[in-house]
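Read the structure below first, then the notes.
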Amino acid sequence: MTVAPSSNDTAETRPLPPGYVRLTIDGIEVVAPKGELLIRTAERMGITIPRFCDHPLLDPAGACRQCLVEVEMGGRPMPKPQASCTMTVADGMVVKTQQTSPVADKAQQGVMELLLINHPLDCPICDKGGECPLQNQALKHGRAESRFHDTKRTFAKPVPISSQVLLDRERCVLCQRCTRFSKQVAGDPFIELLERGALQQIGIGEQQPFQSYFSGNTIQICPVGALTSAAYRFRSRPFDLVSTPGQCEHCASGCEIRNDWRRGKVMRRLAGDDPEVNEEWICDKGRFAFRYATANDRITRPLIRENGELRPASWTEALQAAAKGLAEARDAEGVGVLPGGRLTVEDAYAYAKFARIALRTNDIDYRARPHSDEELRFLESTVVGTSPGNGVTYRDLESAPAVLCVAFEPEEESPIVFLRLRKAARKGATKVFHVAPWASPGVEKTTVIVHDGGPVRTGSLVPCVPGGEAAALRELPSDVDEALRQPGAVLLVGERAAEVPGLYSEILRTAQRTGVSVAWIPRRAGERGAIEVGVLPTLLPGGRPVADAEARAELERHWGLAPAALPARAGRDVTGILAAAAAGDLSGLVVGGVDPNDLPDPALAEKALRRAGFVVSLELRPSAVTEHADVVLPIAPSTEKAGSYLNWEGRHREFRTTIEGTGALPDCRVLDTLAVEMDVDLFTQTPAAALAELERVGPHLGAGLPAPDEPPAATPSPGAGQAVLATWRQLLDNGSMQSDEPNLAGTSRRTVAVLSPGTAQRIGLGDGQRIEIRTAKGAIVLAAELAEMPDDVVWLPADSGASKVHRTLGVGHGAVVDIAATTAMSPAAGNGHGGMTHLDGGRA
């Protein structure tokens, strides 16, 4: 939009750009693009028109009528004021807002009077008081006195429409923001308008709670206090809070958030506004899962093991003990470093530097999950060094003609990617395809878009047996293959691909064959940054190969080391480090917040922790590692430190400290001080210092490493009484960062086993029976759910409720397992090994 310049020329002599129209708003001539809403054009001119139902990311509704303006077309005024949030600009249109039109002003005042007839006016106790658009606009655009003197309508309150969203119906102005968001953006139409006329209200179906991973967004966009958070309700007032911008630490989406806190404690989180990344949305995990930082069992003092028991110690004593133990272990058989995947860029850089200089080893790997050598070669050849300037971005997803998801469940693993895919499919012509065993809810919501006129199929599922994804890519349906050949098409691959031999290689061959752009999307927030700073056994900071002598020499100069000081031999990966420690080939371990249950072999991890001569753990709360640690060093959560993440795009996401003065130290400071005790200087005393040095080190400018080129693995062939296991983690599960969040846990998905009707019939699974999934290590018994999927396949959530796949079964995605129908409820083994675990199919 542009404001037409003043000139002696007449309007007719000034040419219009193609696709634009000329109109007048409040006496100012304006040029605006065709199809733009009047309310948007006025906004760009700096004219604020009051509104409730309008939201820039939702389709127009015209529900509240608060944005009425006077409109004239062709010299003739329209008979009554029009809603500016639904009317588009037109050539020659003359618009008068409440600033210049008594008619529009009176109409807006009348609408406000009607909205307040039944509103309870309970601002002193309403959570929205102090930040409420209704409150603000009533003062600015409403009448000073009300003509309504009858009894206001009342409802029972609050109504829990889910375990974390409460509804006060008498406050609702029926703007439909919540219902439109749920249906249009999230694809979860559980909340809807019920009844008609004066009885119309927001509600949910009987026995149908608001089951959505994005329900918290309806609280934030509600223009009144009708929807409130069960966890935050009556906890604080907006003017009591201090707001600090932040970045979500839960996944690789890279969401902008806002931490609202008081008295040294975060009270709530809201979505920030970042059009390039999360727009104005965040998932419920990012919104509600933050109380882990203030849990009662948080470790706040260093601990030293003495006579078999951990005791509190001073920082000086603990660091000296850790330095002495690690130096002895380093000089014996060596030390392995397992930093985990949730680190900031600065903390990960400190781990990479500590391993190479203080411990003199390349035995470092952040991948606390199933992994493979092929994945490592894919990361070091294809992922490292990518950024929004040379890789795939959210904008690319939104404009892509086709997106293929392989070994990637967007709604569970990167919720904002899921929302962007839904937006692309709903608004544009993007076709979304999934190579997966079954049409999960996330697959359904990105391939079938429900419009007012009915469902529209915008993509499809390419069904395949777990472990057969590489073969499926080789034999893609013709329509999918043709769609991928269009310019701008994108292939998204998730971390589950590491469990399928040959899949990363086949993805690169598919990209070479079709020209599709490839993007890798991990599940954890710190994984992309860890790759860039060298928290891998074959990479140094900046993507420098460990085996490259010139790259090592360059880094030695940056770090002020003597020539040939850096270790030249590639290190072990996570499994190699654990196997070496379990066999006595490593004398020590440094562990940074790794949960053994996330690893492909938790039993091996526990054996390694037991056998390692010296274990140092940097963690926030007690874990399975704590039980074996010789020294425990507490570290700061994200709200108590500054730093940055790299999201899946490679976009830098910087944040500052929210809660100051707690005394908690970031990992980089702890490692820097520990290194000093070992007579080494890391110069990572602060996140700012670590980032500044990393920027000076810069990226590797030499030749890259070769991409993997492995043949696809044979598709698993189960025998009688067997099935191929499909598994991935759900967004809301047993994760330690979600503990102490009962409201959030109430909206997690049911923990069930999913199989086809044919498989159920083959094993004789009848009504009321459960399915037992067993390996030589143990068994899981769950309620069954039937779905359309390949026969002889069973899906389990990886870590939800009692379904702890790696812990109990000792296998992962693509493994062959035994299955059987059962009605017995055998007692579960306490340690999950060799026993049986059970769940009624309820929520985790």
Find the distance between [atom1] ([X]) and [atom2] ([Y]) and round it off to the nearest 0.5 Å.
X	Y	atom1	atom2	answer
I521	E409	CD1	CD	12.0 Å
R301	L310	CZ	CG	13.0 Å
L633	L674	CG	CG	6.5 Å
L359	K353	CG	NZ	14.0 Å
C251	L731	SG	CG	7.5 Å
L303	T300	CG	OG1	8.5 Å

So, are [X] and [Y] salt-bridged, with charged N and O less than 4.0 Å apart?
X	Y	result
E741	K285	no
R523	E412	no
R291	D740	no
D598	R524	yes
D799	K804	no

Once side chain to side chain donor-acceptor pair (under 3.5 Å) is applied, do any residues pair with [X], and if so which ones, sequence neighbours excluded?
X	result
W795	none
Q730	S800
D284	Q164, S215
D672	none

>> Apply side chain to side chain contact (heavy atoms under 4.5 Å, CB included) to residues L665 and W315 and explain how you reach the verdict.
In response: CA-CA 11 Å; L665 303 179; W315 273 103; 4.0 Å; yes
Would a distance-only check, ignoring hydrogens and angles, find a side-chain to backbone donor-acceptor pair under 3.5 Å from [X] to [Y]?
X	Y	result
D363	G571	no
R367	S372	yes
N647	G254	no
E469	V500	no
S381	R377	yes

>> Working note: R774 + V817, criterion side chain to side chain contact (heavy atoms under 4.5 Å, CB included); need CA distance, chi angles, decisive distance, verdict.
In response: CA-CA 6 Å; R774 176 179 290 278; V817 296; over 6 Å; no
> Which pairs, with at least one residue in residues 676-686 and sequence neighbours excluded, count as a salt bridge (Lys or Arg N to Asp or Glu O under 4.0 Å)?
Replying inline: none
>> Enumerate the salt bridge (Lys or Arg N to Asp or Glu O under 4.0 Å) contacts for residues 305-319, please, sequence neighbours excluded, ordered by first and then second residue.
In response: E306-R311, R311-E317
For a quick test of reading the model, state the closest non-hydrogen atom pair linking [X] to [Y] and the distance between them.
X	Y	value
V632	T626	CG2-CG2, 4.0 Å
V811	H806	O-CD2, 3.3 Å
V625	S617	CG1-OG, 3.7 Å
A497	Y504	CB-CZ, 3.5 Å
A779	T808	O-CG2, 3.4 Å
D297	P622	O-CD, 3.0 Å

Quick one: are [X] and [Y] in side-chain contact, heavy atoms under 4.5 Å?
X	Y	value
L555	V697	yes
D548	V546	no
P522	W648	yes
L599	V594	yes
P541	W559	yes
F408	E413	yes
I364	R356	yes
E532	L646	yes

> Should E249 and R269 be marked as a salt bridge (Lys or Arg N to Asp or Glu O under 4.0 Å) after you check the CA-CA gap, both sets of side-chain angles, and the distance that decides it?
Replying inline: CA-CA 12 Å; E249 74 275 31; R269 276 185 175 176; 3.1 Å; yes
>> Filter on ring pair (Phe, Tyr, Trp, His ring centres under 6.0 Å), then keep only pairs touching residues 625-647, sequence neighbours left out; what's left?
In response: Y645-F655
> Which pairs pass ring pair (Phe, Tyr, Trp, His ring centres under 6.0 Å) with one or both residues in residues 324-368, sequence neighbours excluded?
Replying inline: none
> Pairs in or reaching into residues 493-503: which pass side-chain hydrogen bond (donor to acceptor under 3.5 Å, both in side chains), with residues at least two apart or in two chains?
Replying inline: R369-E495
>> Enumerate the side-chain hydrogen bond (donor to acceptor under 3.5 Å, both in side chains) contacts for residues 630-642, please, sequence neighbours excluded, ordered by first and then second residue.
In response: R298-E640, D347-K641, E640-T662
>> Between E527 and R342, is the salt bridge (Lys or Arg N to Asp or Glu O under 4.0 Å) condition met? List the steps.
In response: CA-CA 7 Å; E527 297 215 8; R342 297 197 180 276; over 6 Å; no
> Would S644 and T344 count as a side chain to side chain donor-acceptor pair (under 3.5 Å) if you check the C-alpha gap in whole Å, the side-chain angles of each, and the deciding distance to 0.1 Å?
Replying inline: CA-CA 5 Å; S644 59; T344 63; over 6 Å; no
Listing, residues 323-341 side-chain donor-acceptor contacts under 3.5 Å, not counting sequence neighbours, or none:
unit_1, atom_1, unit_2, atom_2, d
K324, NZ, E328, OE2, 3.0
R330, NH1, A358, O, 2.8

> After noting the C-alpha distance and the side-chain angles of V752 and L782, does the key distance pass the side chain to side chain contact (heavy atoms under 4.5 Å, CB included) rule?
Replying inline: CA-CA 6 Å; V752 296; L782 294 177; 5.6 Å; no
> Going by atom types only, do Q685 and R669 share a side-chain donor-acceptor pair under 3.5 Å?
Replying inline: no
> Looking just at side-chain N and O atoms, do N597 and R807 make a donor-acceptor pair shorter than 3.5 Å?
Replying inline: yes
> With R544, which residues qualify under salt bridge (charged side-chain N to carboxylate O under 4.0 Å, His left out), at least two apart?
Replying inline: E554
> Run the side chain to side chain contact (heavy atoms under 4.5 Å, CB included) check on L589 and V616 step by step: do they pass?
Replying inline: CA-CA 6 Å; L589 292 173; V616 176; over 6 Å; no
